[in-house]
Enquirer: 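I have a structure here, written as structure tokens, and I will follow up with some questions on it.
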Amino acid sequence: MCVGRARYPFDLEWVEGALVEEVRRLLAGKTLYAPPSIEYVPLLYNPLYFWIAAGLSRVFGAEAFTLRLVSIVSTCAAFALLFTLVWREKRGVVAASCSAGFYAATYSSSGGWFDLGRVDSLCVALCLAAIAVARRATSRRAVAAAAVFSALAFATKQNALILLPSIAAGLWMLRGCRVALEYLTAATLLVVTIVLSLDAASDGWYLFYAFTMPRQHPLSPEFYLHFWTTELLPKSPIALVFGAFFFATTTAATRKVRSFYAAVVASLLGAAYVSRIHSWSFVNDLMPAHAALALLFGLGMPEGPDESDVRWGKLGRLAYVLAALQFVLAWEDVRHWIPSVKDRDEGQRVLAAIRALPGDVLVSDHAHLAVQAGKASMAHEMAIIDVMRMDHDVRGAQAMLRGSIERAYRNRRFSAVVTDDVFPVWKELTDYYRPAPAWFVYDRSALVARTGWPMRPLKAFVPR
């Protein structure tokens, strides 16, 4: 993780500020899942991350720093859980450290996402917690704890649902049918309770945003193979070899343990894959896969650089040379993730320009900037796009949202509309607003999002 990013006041990723506004919405006593309008459209995530951030915001304030703090703590927890999982299996500090270290080395491969105000780091940490507890579950209390962590992972991000059958399968191999059924029953009941409660509290809008709407989006066939052949294999070949060695050296005494890890590693890879092939995905969706490879990397390493590990024999020293080579392959200079003084100064100038405008201002791709400038919070463009790009207008959400946006434009609600690109409902915008000089742009190369889409406010429209 990069020092200097946590307290940077602007969006490091172009949707990050929208999550800050969702937290502020919770603090104001409003529901996360509501009918779409120009004022607010929820993102398509489950709510646990926002609930935790809202709790911390009562101490630290509802700012980007607070959300990033949740992600930083979650990432540190993931490092600790990977270390613990490998150390308990091998009692080898080097192998355990390499497992945690490899996951840390995927920071850039994940888009510099570990310390962003997004849900992914928390979800990975909770998935690893569920796996770690399930691996040592010898009592009903421990099985219940594994079910709770699994349900919490799902309550953070929907793709963690794949963890439930995988952990159940692993427990079946490890502890038998009864324990597996106890876990699966408890985890399923918790997930169903979460879903039904959220949906009832939101008049059906939770299911719309969390499940119905994403299913209406197309997939990205170009990632069906690209995920494996380009995004995972080139930077993780030795980790994959170590993982293959871990499974290939199964003995009668270790077969059940290997089967457990095969199931949970498959679930982490599956969670990453189903997210990555969804249209408009980004490399942050690789994070569960990177955690899986980090786990295999440590589990497949020899226990020491001598010949005490009979699985490796005389190849033990070579294994450590290969491990070092894997870190060389994964290495990237992380300094480019850190915003510069030029970025901060440009941000302050943009805020001053927005603050000087009368009334409400719509900053379509960076809604949090308008709030920082003292303006009303408005829906983020990405959330609007997710509704508008559905194949079918389920629940009339598209018509509802389009009508709300058009009314705002027709009434000249905004003294200016500031955008990065072509805003959704473009025709309605140009019917009532005209292009204007982008007086707030001093340096086009500054204030560009450090990860995700390289966005920054560039265009302005004012009422006709």
Enquirer: Within the 3.5 Å criterion, strictly below it, is a donor on Asp115 or Tyr107 matched to an acceptor on the partner's side chain?
Expert: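 The criterion, which ignores hydrogens and geometry beyond distance, is satisfied for Tyr107 and Asp115.
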
Enquirer: Return yes when atom CZ of Phe208 has more than 12 non-hydrogen atoms of other residues, nucleotides or ligands closer than 6.0 Å, and no otherwise.
Expert: yes

Enquirer: May I ask you to check if Arg276 and Phe223 form a cation-pi contact, with NZ or CZ under 6.0 angstrom from the six-membered ring centre and within 45° of the axis?
Expert: yes

Enquirer: For Trp453 together with Phe282, are the ring centres under 6.0 Å from each other?
Expert: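 No, the ring of Phe282 stays outside the 6.0 Å limit from the ring of Trp453, centre to centre.
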
Enquirer: Measuring only between side-chain heavy atoms, which start at C-beta, is Val41 closer than 4.5 Å to Met388?
Expert: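 No, side chains not in contact.
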
Enquirer: Can you confirm whether Ile385 sits close enough to Met382 that some side-chain heavy atom of one is under 4.5 Å from a side-chain heavy atom of the other?
Expert: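 SC-SC contact between Ile385 and Met382 confirmed.
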
Enquirer: Say whether, by atom type as modelled, one donor and one acceptor occur between the side chain of Glu428 and the main chain of Tyr409 under 3.5 angstrom.
Expert: no

Enquirer: How far does OG of Ser121 sit from CG of Leu116, to the nearest 0.5 angstrom?
Expert: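 Spacing of OG (Ser121) from CG (Leu116) equals 8.0 Å.
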
Enquirer: Does the ring of Trp205 carry Arg395 above it, NZ/CZ under 6.0 angstrom from centre and within 45° of its axis?
Expert: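 Pair Arg395/Trp205 counts as cation-pi.
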
Enquirer: In chain order, what residues pass the side chain to side chain contact (heavy atoms under 4.5 Å, CB included) check against Leu27, with sequence neighbours excluded?
Expert: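 Side chain to side chain contact (heavy atoms under 4.5 Å, CB included) check on Leu27 returns Val23, Ala54, Ser57, Arg58, Ala62.
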
Enquirer: With ring centroids as reference points, do Tyr33 and Tyr40 lie under 6.0 angstrom apart?
Expert: no

Enquirer: Answer with yes or no whether the side chains of Ser110 and His290 bring together a donor and an acceptor at under 3.5 Å.
Expert: yes

Enquirer: For Trp14 and Thr451, run side chain to side chain donor-acceptor pair (under 3.5 Å): C-alpha distance rounded to whole Å, both residues' side-chain angles, the deciding distance at 0.1 Å, then the answer.
Expert: CA-CA 8 Å; Trp14 74 295; Thr451 186; over 6 Å; no

Enquirer: With no hydrogens and no angle check, just 3.5 Å: does a side-chain donor-acceptor pair link Ser37 and Ser404?
Expert: no

Enquirer: Does the salt bridge (charged side-chain N to carboxylate O under 4.0 Å, His left out) test come out yes or no for Asp285 and Lys157, once each step is laid out?
Expert: CA-CA 11 Å; Asp285 289 320; Lys157 194 172 181 181; 3.0 Å; yes

Enquirer: Can you see which heavy atom on Phe242 is nearest to which on Ala319, and at what distance?
Expert: CZ-O, 3.3 Å

Enquirer: Find the distance between CD1 (Ile354) and CG (Leu362) and round it off to the nearest 0.5 Å.
Expert: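 It comes to 10.0 Å.
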
Enquirer: May I ask you to establish whether Arg349 and Tyr442 are in a cation-pi arrangement, using a distance under 6.0 Å from NZ or CZ to the six-membered ring centre and at most 45° from the ring axis?
Expert: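 Verdict for Tyr442: a cation-pi partner in Arg349.
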
Enquirer: Check whether Glu16 reaches the backbone of Leu12 with its side chain - one donor and one acceptor, N or O, closer than 3.5 Å.
Expert: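 Yes; judged by distance alone, with no hydrogens or angles, the pair exists.
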
Enquirer: Could you tell me which non-hydrogen atom of Pro36 sits nearest to which non-hydrogen atom of Ala397, and how far apart they are?
Expert: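 For Pro36 and Ala397, the tightest heavy-atom pair comes out as CG-O, 3.7 Å.
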
Enquirer: Without hydrogens or angle criteria, can the side chains of Arg25 and Ser377 be said to hold a donor-acceptor pair below 3.5 Å?
Expert: no

Enquirer: With distance as the sole test, does Tyr433 use its side chain to make a donor-acceptor pair with the main-chain N or O of Phe414 at under 3.5 Å?
Expert: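 Answer holds: yes.
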
Enquirer: Considering only heavy atoms from C-beta outward, does the side chain of Leu369 approach that of Pro457 to under 4.5 Å?
Expert: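 SC-SC contact between Leu369 and Pro457 confirmed.
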
Enquirer: Work out which heavy atom in Leu82 is nearest to a heavy atom in Ala294; give both atom names and the distance.
Expert: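 Leu82 and Ala294 have their closest heavy atoms at CD1-CB, 4.1 Å.
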
Enquirer: For the atom pair CG (Asn284) and CG (Leu286), what is the distance rounded to the nearest 0.5 Å?
Expert: 8.0 Å

Enquirer: When you measure from the side chain of Tyr49 to the backbone N and O of Leu19, does any donor-acceptor pair fall under 3.5 Å?
Expert: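 No; zero donor-acceptor contacts below 3.5 Å.
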
Enquirer: Taking the six-membered ring for Trp, are Tyr273 and Trp228 ring centroids under 6.0 Å apart?
Expert: yes

Enquirer: Short question: side chain of Ser281, backbone of His278 - any donor-acceptor pair under 3.5 Å?
Expert: yes

Enquirer: With rounding to the nearest 0.5 angstrom, report the SG to CG distance, Cys76 to Leu81.
Expert: 11.0 Å

Enquirer: Under a 3.5 Å distance rule, please check whether Ser202 uses its side chain to pair with a backbone N or O of Tyr206 as donor and acceptor.
Expert: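 Judged by distance alone, yes, a pair lies under 3.5 Å.
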
Enquirer: Are Leu163 and Ile131 side-chain neighbours, meaning at least one heavy-atom pair lies under 4.5 Å?
Expert: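 The answer is yes; the side chains approach within 4.5 Å.
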
Enquirer: Taking Glu346 for its side chain and Asp443 for its backbone only, find out whether a donor-acceptor pair lies under 3.5 Å.
Expert: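 Yes, Glu346 side chain to Asp443 backbone: donor-acceptor pair under 3.5 Å.
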
Enquirer: Do Phe114 and Tyr103 have ring centres separated by under 6.0 Å?
Expert: yes

Enquirer: Checking Lys30 against Glu22 for the salt bridge (charged side-chain N to carboxylate O under 4.0 Å, His left out) test, could you report, in this order, the C-alpha distance in whole Å, the side-chain angles of both residues, the deciding distance, and whether it holds?
Expert: CA-CA 9 Å; Lys30 299 177 181 178; Glu22 297 220 355; over 6 Å; no

Enquirer: Does a donor on one side chain sit under 3.5 Å from an acceptor on the other, for Trp113 and Asp120?
Expert: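 A donor-acceptor contact under 3.5 Å links the two side chains.
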
Enquirer: Quick one: pull up OG1 in Thr84 and CZ in Phe79 and give me the separation to the nearest 0.5 Å.
Expert: 13.0 Å

Enquirer: In the structure I gave you, are the side-chain heavy atoms of Pro9 and Gln372 within less than 4.5 Å of one another anywhere?
Expert: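 Side chain of Pro9 against side chain of Gln372, heavy atoms only: contact under 4.5 Å found.
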
Enquirer: Tell me, with the steps shown, if Glu39 and Arg413 meet salt bridge (charged side-chain N to carboxylate O under 4.0 Å, His left out).
Expert: CA-CA 11 Å; Glu39 289 84 8; Arg413 175 173 178 178; 2.3 Å; yes

Enquirer: Looking at Gly61, is its backbone amide N or carbonyl O close enough to the side chain of Thr66 to form a donor-acceptor pair, meaning the two atoms are under 3.5 Å apart?
Expert: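 Yes: the side chain of Thr66 pairs with the backbone of Gly61.
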
Enquirer: Whether the side chain of Glu13 engages the backbone of Val15 through a donor-acceptor N/O pair (distance < 3.5 Å, no angle test) should be reported.
Expert: yes

Enquirer: Would you find more than 12 non-hydrogen atoms of other residues, nucleotides or ligands less than 6.0 Å from Arg355 atom CZ?
Expert: yes

Enquirer: Do Pro237 and Gln326 come close enough that some side-chain heavy atom pair is under 4.5 Å?
Expert: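 Yes. Closest side-chain heavy atoms under 4.5 Å.
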
Enquirer: As a quick check of understanding, evaluate ring-ring contact (aromatic ring centres under 6.0 Å, His included) for Trp426 and Phe461, giving each step before the final call.
Expert: CA-CA 11 Å; Trp426 181 257; Phe461 296 83; 5.4 Å; yes

Enquirer: Please check: side-chain N/O of Asp333 versus main-chain N/O of Arg335, any donor-acceptor pairing under 3.5 Å?
Expert: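 Judged by distance alone, yes, a pair lies under 3.5 Å.
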
Enquirer: Quick one: CG on Leu48 to CG on Leu126, what's the gap to the nearest 0.5 Å?
Expert: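 Interatomic distance, Leu48 CG to Leu126 CG, rounded to 0.5 Å: 6.5 Å.
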
Enquirer: Restricting to non-hydrogen atoms, name the atom on Ser166 and the atom on Ser267 that form the minimum distance, rounded to 0.1 Å.
Expert: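 Shortest heavy-atom separation between Ser166 and Ser267 comes out as OG-CB, 3.0 Å.
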
Enquirer: Using distance alone, with no hydrogens and no angle criterion, decide if His368 and Glu21 have a side-chain donor and acceptor under 3.5 Å apart.
Expert: yes

Enquirer: Go through Arg450 and Asp11 one step at a time and tell me if the side chain to side chain contact (heavy atoms under 4.5 Å, CB included) criterion holds.
Expert: CA-CA 8 Å; Arg450 290 283 160 164; Asp11 299 347; over 6 Å; no

Enquirer: Is any NZ, NE, NH1 or NH2 atom of the basic residue among Lys235 and Glu332 found under 4.0 Å from an Asp or Glu carboxylate oxygen of the other?
Expert: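 Looking at Lys235 and Glu332, the cut-off is met.
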
Enquirer: Would you tell me whether Asp360 and Ser415 have side-chain atoms, one donor and one acceptor, within less than 3.5 Å of each other?
Expert: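 No, Ser415 and Asp360 have no side-chain donor paired with an acceptor closer than 3.5 Å.
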
Enquirer: Assess, by modelled atom type and distance only, whether the side chains of Ser97 and Trp87 contain a donor and an acceptor separated by less than 3.5 Å.
Expert: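 Not at all, the side chains of Ser97 and Trp87 share no donor-acceptor pair under 3.5 Å.
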
Enquirer: Given the rule in the side chain to side chain contact (heavy atoms under 4.5 Å, CB included) test, do Arg24 and Glu63 qualify, once you have shown the distances and angles that lead to the verdict?
Expert: CA-CA 9 Å; Arg24 288 180 170 170; Glu63 303 294 341; 3.1 Å; yes

Enquirer: If we count only N and O atoms by modelled type, under 3.5 Å, do the side chains of Asp420 and His366 hold a donor and an acceptor together?
Expert: yes

Enquirer: What's the verdict on ring-ring contact (aromatic ring centres under 6.0 Å, His included) for Phe297 and Phe246, showing C-alpha distance, side-chain angles and the deciding distance?
Expert: CA-CA 9 Å; Phe297 185 45; Phe246 172 71; over 10 Å; no

